[in-house]
Structures are given as C-alpha cells and as structure tokens.
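Accompanying notes for the structure given below.
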Amino acid sequence: MTIEAEALRVLAPAKINLFLHVGDKRSDGFHALQSLVVFARMGDELALSPDRDIKVVASGRFAAGLPPAGQNLVHKAARALAQHAGITRGAYISLKKNLPVSSGIGGGSADAAAALRGLARLWNLKVEHDVLRQIGETLGSDVPVCVACRPQWMEGRGETLAQVESVPAVQIVLVNPRVGVATKDVFAALKDRRGTGQPRPPAMRTTGDLVAFLKDTTNDLEAPARAVAPVISDVLREIAAQPGVLLTRMSGSGATCFGLFGDPDDAARAALTIGEGHPSWWVSATATTPVLSAALA
C-alpha cells in the first residue's frame with residue numbers, strides 16, 4: 001500500500017461570503033467586516049502522512065498558481081501549529097488544488113485551516129478548535145472562519161465569529177473567469193459601503209428564507225471589483241440569465257461569483273450552459289453545508 005493510500009485525508013471546502021458589508025478602517029489598518037459565511041461540499045483536498053520534515057507538494061488544475069514551497073499558507077500553518085505545540089514532528093502534505101487561486105472563495109485560507117485540523121489529528125494533539133482559530137488568525141483574516149467549516153456570522157476583520165441558529169443547505173453554482181483580482185486593489189477602489197450594522201437573521205428553515213434575508217444585503221466589494229476587473233460583470237450577467245436562479249452575487253473580493261438555486265437540476269444545467277459558453281472559465285455546481293438548530297433538526 002502506498003503512503004498516499006494510507007494518508008489522512010482532509011477536505012478544504014470553498015468558502016462563500018453570502019453577503020459582505022464593509023465598515024470603517026480600524027486602527028490596525030484592516031476594515032471592519034460583517035458577513036454570513038457558508039461552505040461548499042467541494043474544495044481542495046489534502047492528504048497528510050508522517051515525515052521527518054514538513055513538506056508540501058501541490059498538484060491539480062491550479063497548483064501552478066501557488067506560492068513557492070515553504071511560502072504557501074499550508075506550510076506556514078504546519079510550522080505555526082508545531083511551534084505552538086512545542087514539537088519538532090514533520091508531515092508530508094499532498095495538496096490537490098481544485099479551487100482557483102486568489103478567487104474570493106478562501107482557497108488558501110481553507111487549505112491552511114484544513115492543514116491545522118488534519119495535523120492536529122496526525123500528530124495526536126489535544127487542541128481545541130478555539131486554539132486552532134487563534135493560530136489561524138496569525139496566518140490570515142479568512143483562516144479562522146475556515147477551521148470549523150460550518151455556517152458562521154463573521155465580524156471584525158474576520159476573527160470575530162458566532163454561530164448562526166439555522167442555515168439550510170442550498171444549491172449553488174460557482175463561476176470564476178480565471179482573472180486574478182488583488183484584494184488591496186479592490187479595497188483601494190471602494191467608495192460606498194453598508195457598514196456593519198446588519199442584524200443577525202432569525203432561524204432560516206428553507207432556501208426561500210435564506211434568499212429573503214440575503215436580498216436585504218449586498219457585497220460592498222462587488223462594485224469596486226467590477227471596476228478593477230470588468231469581466232466580473234459578464235460573469236454575474238451569465239449567472240443571472242440562467243433559469244431557476246434565485247440570487248446572484250460575488251463572493252469575497254472576487255473574482256468568483258455565485259448563483260443560488262432551489263433545484264439541483266437547475267443548478268447542474270446552469271453550470272453546463274455557462275461552462276459550454278465560456279470554456280476558459282472555472283464553473284462548479286455544488287451545494288452548501290447546512291447548520292440546523294436542535295429545534296429544527
């Protein structure tokens with residue numbers, strides 16, 4: 001049996017900002033944010049096995065876009081966890097990069113969070129998720145929310161997290177035009193913002209409940225991202241034109257956009273249509289993972 005076959009496998013699911021409101025710039029230079037974050041049932045894949053040193057080997061469609069070995073977030077996460085635990089163990093980490101790089105769906109952050117979760121198990125560390133989130137905060141603003149991989153209400157610069165009472169699973173089509181958008185450029189072009197006063201939603205039992213709540217929200221970074229990369233407008237129009245779409249929006253600072261659907265067949269057909277019309281774009285039809293309160297489960 002090969003090392004790969006024996007490895008501990010961890011999914012790093014795509015992170016989607018269903019809405020993203022921006023407030024004032026904080027004293028630390030970061031903007032205050034407010035977002036409802038959910039996770040897809042697909043993403044990057046990590047396989048971890050014991051080794052003398054920390055090694056990260058990337059493969060997959062988008063591996064070429066990653067930083068050099070030793071500088072990517074997975075390697076940094078492994079070093080940070082080992083330092084926190086006071087250990088000198090290593091790991092061989094195989095990263096299959098299925099998500100576009102720098103695309104607004106938390107690919108690198110999700111990979112780092114998955115590495116923290118997986119290495120804690122591989123190294124048999126008794127580390128609570130709260131500690132992993134604290135370590136993740138030192139690596140990037142989106143890493144803490146990716147540790148638990150469940151719907152969460154996110155505030156601060158991304159480090160202040162709260163559970164939401166109930167969010168249903170929803171069909172979603174993700175589309176990325178394969179154009180890089182630098183977050184700093186998007187924030188530099190930001191003019192209008194909603195601020196961070198959005199009240200948390202009540203329990204949402206159905207896709208209709210979720211969409212109704214989201215229609216009173218927006219992504220404040222969408223307009224500046226469209227100014228930086230006009231192709232984002234094309235992506236949003238393509239998704240909005242698909243039968244059965246309930247809501248169309250951009251995630252994070254872009255350039256990935258999404259459409260929410262009530263029917264998986266509508267979502268699958270939309271992804272097929274968009275992919276055939278734009279073969280250079282990355283398109284994926286999937287679903288989000290839910291969280292249900294005890295009363296609704």
Side-chain angles (χ1 to χ4, degrees), residues 11-18 20 37-46 56-69 71-74 95-112 114 140 142 146 171-190 219 221-242 245 247-261 267-288:
L11 179 67
K15 173 220 63 147
I16 299 103
N17 298 95
L18 291 180
L20 180 59
V37 178
V38 296
F39 292 86
R41 293 178 180 174
M42 57 78 63
D44 294 337
E45 303 166 62
L46 281 71
V56 180
V57 178
S59 63
R61 182 177 177 184
F62 298 105
L66 292 173
Q71 297 181 26
N72 63 64
L73 279 179
V74 170
L95 169 62
K96 186 177 181 182
K97 193 66 185 166
N98 300 318
L99 300 177
V101 177
S102 299
S103 59
I105 50 176
S109 297
D111 295 343
D142 274 345
C146 293
Q171 303 299 315
I172 188 168
V173 173
L174 302 170
V175 183
N176 182 279
R178 303 291 302 280
V179 172
V181 179
T183 300
K184 63 179 179 62
D185 294 339
V186 174
F187 272 99
L190 176 65
N219 182 344
L221 298 183
E222 188 174 301
R226 291 164 72 166
V228 172
V231 69
I232 293 174
S233 296
D234 299 332
V235 174
L236 290 166
R237 279 195 297 268
E238 285 286 348
I239 301 173
Q242 302 308 311
V245 69
L247 183 85
T248 304
R249 190 162 286 173
M250 187 186 80
S251 178
S253 58
T256 301
C257 301
F258 63 87
L260 301 184
F261 292 79
R269 281 190 290 266
L272 181 62
T273 299
I274 296 171
E276 288 179 343
H278 302 274
S280 65
W281 292 2
W282 174 81
V283 184
S284 177
T286 182
T288 63

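Nothing fancy with the numbering, it's 1 onward along the sequence. All values below come from the heavy atoms of this structure, side chains included, with hydrogens, waters and symmetry mates left out.
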Open item on the list: Please find the pair of heavy atoms, one from Leu46 and one from Ala12, that lie closest to each other, and give the distance.
Closed with: CD1-CB, 4.1 Å
Open item on the list: Under the side chain to side chain contact (heavy atoms under 4.5 Å, CB included) test against Lys15, which residue among Leu99, Val37, Val38 passes?
Closed with: Val37
TODO: I would like to know whether Leu66 and Leu95 meet side-chain contact (heavy atoms from CB on, under 4.5 Å); could you show each step before the answer?
DONE: CA-CA 11 Å; Leu66 292 173; Leu95 169 62; 3.8 Å; yes
Open item on the list: Could you report the tightest heavy-atom contact between Val74 and Asn72, atom names first, then the distance?
Closed with: N-OD1, 3.0 Å
TODO: Name all pairs fulfilling the salt bridge (charged side-chain N to carboxylate O under 4.0 Å, His left out) condition that reach into residues 233-242, sequence neighbours left out, sorted by first residue then second.
DONE: Asp234-Arg237
- [ ] Could you tell me which non-hydrogen atom of Phe261 sits nearest to which non-hydrogen atom of Ala270, and how far apart they are?
- [x] CZ-CB, 3.6 Å
Open item on the list: For Arg249, give me all partners under side chain to side chain contact (heavy atoms under 4.5 Å, CB included), at least two apart in sequence or on another chain.
Closed with: Phe19, Leu214, Thr217, Asn219, Glu222, Leu247, Phe258
Open item on the list: With a 4.5 Å cut-off on side-chain heavy atoms, are Val173 and Ile239 touching?
Closed with: no
Task: Pairwise side-chain contact, Leu73 with Asp111, heavy-atom cut-off 4.5 Å (strictly under) - done: no
Task: Minimum heavy-atom distance Ala240-Val245, with the two atoms named - done: O-CG1, 3.6 Å
Below 3.5 Å, can you tabulate the donor-acceptor pairs from side chains in residues 175-187 to any protein atom, sequence neighbours excluded?
unit_1	atom_1	unit_2	atom_2	d
Asn176	OD1	Arg178	N	2.7
Asn176	ND2	Thr256	OG1	2.9
Thr183	OG1	Ser253	OG	3.0

Task: Any donor-acceptor pair under 3.5 Å from Ser251 side chain to Gly104 backbone - done: yes
Open item on the list: So, taking the atom named OG in Ser59 and the one named CD in Glu45, what distance separates them when rounded to the nearest 0.5 Å?
Closed with: 8.5 Å
TODO: Could you tell me which non-hydrogen atom of Thr286 sits nearest to which non-hydrogen atom of Ala40, and how far apart they are?
DONE: CG2-CB, 3.9 Å
Open item on the list: With heavy-atom distances below 4.5 Å as the criterion, would you say the side chains of His278 and Val235 are in contact?
Closed with: no
Open item on the list: I need the minimum non-hydrogen distance between Trp281 and Arg61, along with the two atoms involved.
Closed with: O-NH2, 4.1 Å
